[in-house]
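Only one structure is covered here, and it is reproduced in the block below.
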Amino acid sequence: MSRYASRPATIHYSFGPGPMTPAVKWLIIANVAMFLVKFAYDPIQNYLGLSPELVIERQWLWQLATYMFMHGGPVHILFNMLGIWMFGVELERLWGTRQFVKYYAITGIGAGLTVVAVSLLPFEWAAQTYAGNTIGASGALYGLLVAFAVYYPDRPLLMFFLFPVPAKYFVMIVGAMAFISTPNSRVSESAHLGGLVIGYLYLRGGRGGLMAEIKYRYLKWKMNRLRRKFDVYSGGRSDWDRHVH
């Protein structure tokens, strides 16, 4: 007979990352508040949604930020807010509130700039984007998704809410789907791609962000030019720039 009293086995289930962090909470509150405003006065979308035509021709630059707080319907805002909670909470705990808000703004605005850039392409579907109106936090959400995949690459995410896929592959799949669907989708896949790409470039830039990465590439290019000009080693190569990071 066992010397120890048996204890009933307990199984704990959990969903999501837990309680909301400050920035995530206020982002959700702001989005829900603006959704209610839009519900009460739908024409506000014409002023706060993202229209590349108005941004370029009338310089309504605020739309590059305000479009993130406009949503088309209950399902649209529900899934976006759920995503911000699921991915944003852990990232805010990891980075801190200030860095999280900065990253969210950069990826969201970057996604908006991507929509404007894509709308200028010489294609019929791009012309529709130019005159259209893009709304939703999906661009910033895709930025959070790529950051989550960078820091937690093997964390399983449910593809189509059915199949567990490691986060790194999940991002690759949704990125490829967004790219393929861009010309024929009623959803602004260019915003999704923009959020993914801008987020990835920002994270690749290290703590200094995207501008630090650009400055680093420019500095290394200048060093390589000087090396080619003054290098006297055999074979025209030296190890001088191998430790430039």
Side-chain angles (χ1 to χ4, degrees), residues 11-25 27-28 68 78-115 136-182 185 187-217 220 242-245:
I11 302 175
H12 298 280
Y13 296 94
S14 63
F15 175 75
M20 284 188 286
T21 45
V24 169
K25 178 180 71 174
L27 280 172
I28 292 176
M68 294 185 283
L78 174 63
F79 278 95
N80 277 353
M81 297 305 101
L82 183 63
I84 289 174
W85 170 62
M86 291 184 66
F87 303 119
V89 165
E90 290 200 55
L91 292 173
E92 185 177 355
R93 288 173 182 158
L94 179 68
W95 291 337
T97 298
R98 182 176 180 181
Q99 179 62 26
F100 173 80
V101 171
K102 179 181 177 181
Y103 178 82
Y104 185 90
I106 288 173
T107 53
I109 294 172
L113 289 170
T114 303
V115 172
S138 299
L141 174 57
Y142 271 60
L144 297 181
L145 179 57
V146 74
F148 188 88
V150 167
Y151 285 95
Y152 309 103
D154 298 315
R155 186 79 63 85
L157 300 176
L158 289 180
M159 178 67 67
F160 306 120
F161 299 98
L162 294 173
F163 311 106
V165 178
K168 56 187 176 184
Y169 299 127
F170 185 94
V171 169
M172 294 178 189
I173 293 171
V174 298
M177 292 171 59
F179 180 78
I180 294 171
S181 303
T182 295
S185 176
V187 178
S188 184
E189 300 291 357
S190 56
H192 298 168
L193 284 173
L196 286 175
V197 173
I198 296 298
Y200 179 75
L201 291 176
Y202 180 88
L203 295 171
R204 286 274 299 186
R207 292 186 179 181
L210 178 57
M211 290 307 299
E213 177 74 3
I214 294 173
K215 290 177 182 178
Y216 159 71
R217 297 297 178 186
K220 189 170 183 180
R242 291 189 182 177
H243 300 289
V244 178
H245 296 287

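Because the structure is predicted, anything quoted here is derived from the model rather than measured.
In this structure, K25 and P19 have side chains that are not in contact, with every pair of non-hydrogen atoms separated by 4.5 Å or more. Looking at heavy atoms from C-beta onward, F100 lies in side-chain contact with L27 at the 4.5 angstrom threshold. Side-chain contact between V24 and I84 is present, with heavy atoms from C-beta onward closer than 4.5 Å. Residues P164 and L157 fail the side-chain proximity criterion, which asks for heavy atoms closer than 4.5 Å.
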Original post:
Is there a side-chain contact (heavy atoms from CB on, under 4.5 Å) between Y202 and T107 once you walk through the steps?
Top reply: CA-CA 9 Å; Y202 180 88; T107 53; 5.7 Å; no

Original post:
Can you check side-chain contact (heavy atoms from CB on, under 4.5 Å) on L145 and V174, steps first, answer last?
Top reply: CA-CA 10 Å; L145 179 57; V174 298; 4.0 Å; yes

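Atom-to-atom distance recorded for L196:CG and Y142:OH is 7.0 Å, nearest 0.5 angstrom. Annotation: the span from W85 atom CH2 to L144 atom CG amounts to 14.5 Å, rounded to 0.5 Å. Separating the CD atom in Q99 from the CG atom in L94 is a distance of 10.0 Å, to the nearest 0.5 Å.
Using modelled atom types, one side-chain atom of Y103 and one backbone atom of G143 make a donor-acceptor pair closer than 3.5 Å.
Partners of R155 by salt bridge (Lys or Arg N to Asp or Glu O under 4.0 Å), not counting sequence neighbours, listed by chain and number: E90.
Counted within 6.0 Å of CZ on F170, heavy atoms from surrounding residues, nucleotides or ligands total more than 12; the atom is thus considered enclosed.
Listed by first and then second residue, the salt bridge (Lys or Arg N to Asp or Glu O under 4.0 Å) pairs involving residues 136-150 amount to none (not counting sequence neighbours).
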